[in-house]
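The structure that follows is given in the form of structure tokens.
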Amino acid sequence: MRAASLLFPGQGAQVAGMGRDVADADSEAMELWKKAEAVSGLPLREIYWEGDEKAMSDTRALQPALTVVNLTLWQALSRKVRPLACAGHSLGEYSALAVSGVLDVETCLRLVSLRGALMADCDPDGRGSMAAILKLPLEKVQELVTKACQETGQVLLVANYNTPGQYVISGEKDAVDCARDLVKEAKGRALPLAVSGAFHSPLMARANEELGRHMARVVWNRPKVPFYSNVTAGVLEDGESVREAMLKQMTSPVRWIELMQAQGQAGLKDFVEVGPKAVLSKMVTRCLDGVVDTGDVQTGIVSDLAGVEACA
């Protein structure tokens with residue numbers, strides 16, 4: 001049996017038809033889709049299996065649907081891979097919580113469904129925006145973010161530290177637009193993201209507060225395998241520590257580079273991404289370069305039943 005660190009992707013990993021082959025082959029997987037539909041009140045299979053592009057990007061539907069895909073893929077994979085650690089990127093962190101035993105699956109689905117609805121409703125006026133910044137070092141990105149804040153008087157920050165050379169900024173729309181112009185002047189690339197708000201920023205505070213009230217009524221178990229947090233970029237060893245970190249997750253940056261480097265420093269060398277599209281597996285060696293010998297690092301992606309069968 002392969003032993004690896006499991007990585008679960010978040011928003012942006014969705015694809016048409018995701019999870020259908022697993023659900024068609026496994027009645028328990030199909031039941032999980034039905035449970036997620038009941039919890040969210042949305043026709044998730046119709047949206048994603050028929051490929052409604054506009055509806056697929058709606059975070060209300062995306063959060064429960066992507067979580068179901070991640071979890072049903074893991075259920076199919078669990079006979080072949082022993083998890084040495086779990087981590088998820090933003091929304092994907094909830095999949096990691098379920099797989100590591102911190103949350104039961106039904107609680108996980110309820111939280112992500114609520115999270116999606118709260119995040120979608122948090123910015124009805126379209127005040128927030130996000131953009132990916134490529135081909136610039138962190139110091140330059142931070143400099144330009146500060147300048148955009150000064151020029152516009154609006155909120156803006158680095159929200160995702162994905163890899164050296166790939167960062168995401170989040171904040172008020174005018175500040176994001178200003179930063180995009182500054183990035184282009186600096187010979188970098190700035191790509192707007194199709195999101196419904198400024199995720200992982202203070203603009204999500206109202207949604208975060210409401211989600212926190214529901215989190216307070218949830219049982220948070222001790223992780224059965226090492227759980228690496230987006231908020232702390234390290235291992236959290238008890239349920240209360242996980243709960244405290246997750247209370248901050250929606251308004252805090254995703255410290256993915258540090259998180260991956262912490263795994264490398266802990267001796268982890270084999271990483272399997274469990275989700276519908278290769279996203280995180282492409283980032284592994286870029287994050288670990290200079291920390292470990294990346295020639296020893298192995299990565300894989302399990303996005304469908306064929307990927308499950310090929311994973312060894």
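All figures in this text were calculated on a predicted structure; none of them were measured in a lab. Throughout, numbering of the chain's residues begins at 1 and tracks the sequence.
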**Report entry** Cluster link V155 to Y167, ILVMFWY, side chain under 4.5 Å
**Finding:** no
Requested in this report: Any chance you could lay out the salt bridge (charged side-chain N to carboxylate O under 4.0 Å, His left out) test for E209 and R206, step after step, and finish with the verdict?
Outcome: CA-CA 5 Å; E209 183 179 347; R206 182 167 55 84; over 6 Å; no
Requested in this report: Heavy atoms only: give me the nearest A96-G88 pair and the separation to one decimal.
Outcome: CB-N, 3.9 Å
Query raised in the report: With distance as the sole criterion, is a donor-acceptor pair present between the side chains of E93 and Q249 under 3.5 Å?
Result: yes
Requested in this report: Kindly indicate whether the side chain of V254, heavy atoms from C-beta on, has any atom under 4.5 Å from the side chain of F199.
Outcome: no
**Report entry** Validation row: K147, E143 side chains within 4.5 angstrom (heavy atoms)
**Finding:** no
Report task. Taking all non-hydrogen atoms of both residues into account, name the closest pair between A16 and M56 and its distance. Result -> N-CE, 3.4 Å
Query raised in the report: Should L91 and T67 count as side-chain neighbours, where that means a heavy-atom distance under 4.5 Å?
Result: yes
Query - Heavy-atom side-chain proximity of F227 to L97 below 4.5 angstrom - result: yes
**Report entry** M119 and M204, any side-chain heavy atoms less than 4.5 Å apart
**Finding:** yes
Query raised in the report: Quick one: are V68 and K35 in side-chain contact, heavy atoms under 4.5 Å?
Result: no
Requested in this report: Indicate whether any N or O donor in one side chain lies under 3.5 Å from an N or O acceptor in the other, for T59 and Q11.
Outcome: yes
Query raised in the report: At what distance, to the nearest 0.5 angstrom, does OG1 of T163 lie from CG of L138?
Result: 11.0 Å
Query raised in the report: Going through the distances and angles, do R60 and D58 end up as a salt bridge (charged side-chain N to carboxylate O under 4.0 Å, His left out)?
Result: CA-CA 5 Å; R60 295 176 184 85; D58 185 339; 3.3 Å; yes
**Report entry** Minimum side-chain heavy-atom gap S5-Y228 below 4.5 Å
**Finding:** no
**Report entry** V99, V308, V272 screened by side-chain contact (heavy atoms from CB on, under 4.5 Å) with W74, the one that passes
**Finding:** V99
Report summary line: S229 and A245 have their tightest heavy-atom pair at OG-CB, 3.8 Å
Query raised in the report: Which atoms form the tightest heavy-atom contact between T152 and D174, and what is the distance?
Result: CG2-O, 3.9 Å
Query raised in the report: Can you check whether Y48 reaches L66 side chain to side chain, under 4.5 Å on heavy atoms?
Result: no
